[in-house]
Amino acid sequence: MKEKKISKRELFLLKEHTSIADQYFEELYQTHGLASEKQWKDFVYWALLVCGVGFLVSGMVFFFAFNWDAMPVPIKFSLVGLGIALSGYMAVTPRVKEPVNKISLVATSVLLGVLLAVFGQTYQTGANAYDLFLTWLLVVTPLTVVSQSTYQWLFFSVLANTTLILACVQRLQVESVFVGIMLVLLANVVLLLVPAWKLIHRNFQIGNGYTQIQTVAIYVLATLGFGCWLFANNASYREEELQGSFWTLLLSLAIIAGGLALAWKQKRIYLFSYALISVISCGLMIWMKIFKDSSEGLFVYMLYVIGGIFFIIKWVSSKSKAWKHGN
């Protein structure tokens, strides 16, 4: 049976609520509270691997970027194709560790975009940035769906958001920032939910990092939507520029309130923390709307921020302890 890992927080709770001797506590802390030799070796291994890959890729990019114009067209396509072949092989071969497979899959997806860009530049297809990113997104989508990689889903999320923003600016020519925020917000909600549906791989569990990053993005967009509605002055904008402001406000408030309710029901402390930060941020914007640039306002802002931070820390800490013990 695998031994349960004891966290530092649990060790100090043990010391606080029991009469354990300092000598025994010190032994437990040395065993469970500090990083082991294996953990240090793993950290050094992955740190050196990431740095090595990063330096290698950076060197290759700068070398080819400096000499790109002087290269014949067949050499350009050959280099990109070779990179795709090598990264694709590393993504599927069982001879390397699984994290290397997943990182190689992301590299393959990036190089596919480079190939599309080189093709468009060489043959002057006339495609704008939106067309390039849309084609890139369509090519990468099957790889993402069949993959069981959190890294790939993170890359796909960034690519999908970039494509949608370019679509709003170049193709749809959306004049209202509210419509743009609403579309990007809904897209990120979909991107948060789709990996959890497990349409192909029933046993695949998306990483917690992806869920938290998407959650933060959703709350940031919801808070931004509320702030844009709050500070929008009808006299300073045309009607087209304010289109969708009411629906953006409703969607933002629904997501913030729904996140709080869901976190409370499921006892998910990180979701609860992000929702509280969003609520406090919206409250600060309300105070800024009331006092504007007055000297009294600066004092109120300072007191509110200090009180809000203390409130978040206190409530999140108490809820974390209560939910951990099933209360």
Side-chain angles (χ1 to χ4, degrees), residues 2 4-9 35-36 38-54 57 87-88 90-94 96-113 136-137 140-164 184-222 255 258-259 262-263 265-275 277-278 316 320 323-324:
K2 186 177 180 180
K4 182 181 182 297
K5 182 176 176 59
I6 304 175
S7 64
K8 289 184 179 180
R9 181 175 176 275
S36 64
K38 182 180 182 303
Q39 289 174 322
W40 276 110
K41 287 183 179 179
D42 290 341
F43 169 76
V44 172
Y45 170 79
W46 288 111
L48 291 177
L49 178 63
V50 171
C51 290
V53 172
V57 172
S87 60
M90 294 295 291
V92 299
T93 180
V96 297
K97 295 182 178 180
E98 185 178 354
V100 178
N101 293 131
K102 295 178 178 179
I103 294 174
S104 299
L105 180 61
V106 177
T108 304
S109 301
V110 173
L111 289 173
L112 287 172
W136 191 3
L137 181 67
V140 169
T141 298
L143 296 178
T144 305
V145 173
V146 300
S147 73
Q148 301 184 57
S149 172
T150 300
Y151 307 132
Q152 182 68 16
W153 275 103
L154 280 171
F155 172 76
F156 182 80
S157 176
V158 174
L159 185 59
N161 277 280
T162 305
T163 304
L164 180 57
V184 177
L185 183 54
L186 290 173
N188 278 275
V189 172
V190 173
L191 288 169
L192 175 63
L193 297 177
V194 167
W197 289 344
K198 302 180 181 180
L199 299 176
I200 296 181
H201 302 287
R202 298 295 180 182
N203 297 326
F204 173 60
Q205 185 70 34
I206 194 70
N208 192 46
Y210 176 85
T211 304
Q212 294 204 29
I213 290 174
Q214 283 299 124
T215 304
V216 170
I218 290 171
Y219 276 123
V220 169
L221 289 168
I255 286 178
L262 182 63
K265 181 179 180 180
Q266 298 183 354
K267 299 181 179 179
R268 299 166 64 179
I269 193 63
Y270 75 89
L271 183 60
F272 184 70
S273 305
Y274 300 152
I277 293 174
S278 182
V316 168
S320 178
W323 290 346
K324 189 171 184 179

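We use all heavy atoms of the structure for the numbers below, so side chains are in, but hydrogens, waters and symmetry mates are not.
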Do [X] and [Y] have side-chain heavy atoms sitting under 4.5 Å apart?
{"X": "T215", "Y": "R268", "value": "no"}
{"X": "F156", "Y": "L143", "value": "no"}
{"X": "N101", "Y": "V92", "value": "no"}
{"X": "Y210", "Y": "L191", "value": "yes"}
{"X": "F155", "Y": "V110", "value": "yes"}

Above 12 or not: heavy atoms from other molecules or residues under 6.0 Å from OH of Y151?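 No, not enclosed.
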Please check if atom OH in Y45 has more than 12 non-hydrogen atoms from other residues, nucleotides or ligands closer than 6.0 Å.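 Result for OH/Y45: enclosed.
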In Å and rounded to the nearest 0.5 Å, what is the [atom1] to [atom2] distance from [X] to [Y]?
{"X": "I206", "Y": "Q148", "atom1": "CD1", "atom2": "CD", "value": "10.5 Å"}
{"X": "W136", "Y": "T141", "atom1": "CH2", "atom2": "OG1", "value": "12.5 Å"}
{"X": "L221", "Y": "N161", "atom1": "CG", "atom2": "CG", "value": "7.5 Å"}
{"X": "I218", "Y": "I213", "atom1": "CD1", "atom2": "CD1", "value": "12.0 Å"}
{"X": "L105", "Y": "M90", "atom1": "CG", "atom2": "CE", "value": "12.5 Å"}
{"X": "L193", "Y": "N188", "atom1": "CG", "atom2": "CG", "value": "11.0 Å"}

Non-neighbouring partners of Y219 that pass ring-ring contact (aromatic ring centres under 6.0 Å, His included), sequence neighbours left out: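 Not a single residue meets the ring-ring contact (aromatic ring centres under 6.0 Å, His included) criterion with Y219.
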Checking S278 side chain against Y274 main chain: does a donor-acceptor pair fall under 3.5 Å?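 No; judged by distance alone, with no hydrogens or angles, the pair does not exist.
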Is a donor on one side and an acceptor on the other found under 3.5 Å between the side chain of S147 and the backbone of T144? yes
Could you report the tightest heavy-atom contact between T150 and G207, atom names first, then the distance? OG1-N, 2.9 Å
Non-hydrogen atoms of L137 and L159 that approach each other most closely: CA-CD2, 3.8 Å
Name all residues meeting the side chain to side chain donor-acceptor pair (under 3.5 Å) criterion together with T108; count only those two or more places apart in sequence or in a different chain, and write none if there are none.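 For T108 the side chain to side chain donor-acceptor pair (under 3.5 Å) partners, ignoring immediate neighbours, are S87.
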Side chain to side chain donor-acceptor pair (under 3.5 Å) partners for S109, two or more places apart: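 S109 satisfies side chain to side chain donor-acceptor pair (under 3.5 Å) with Q152 only.
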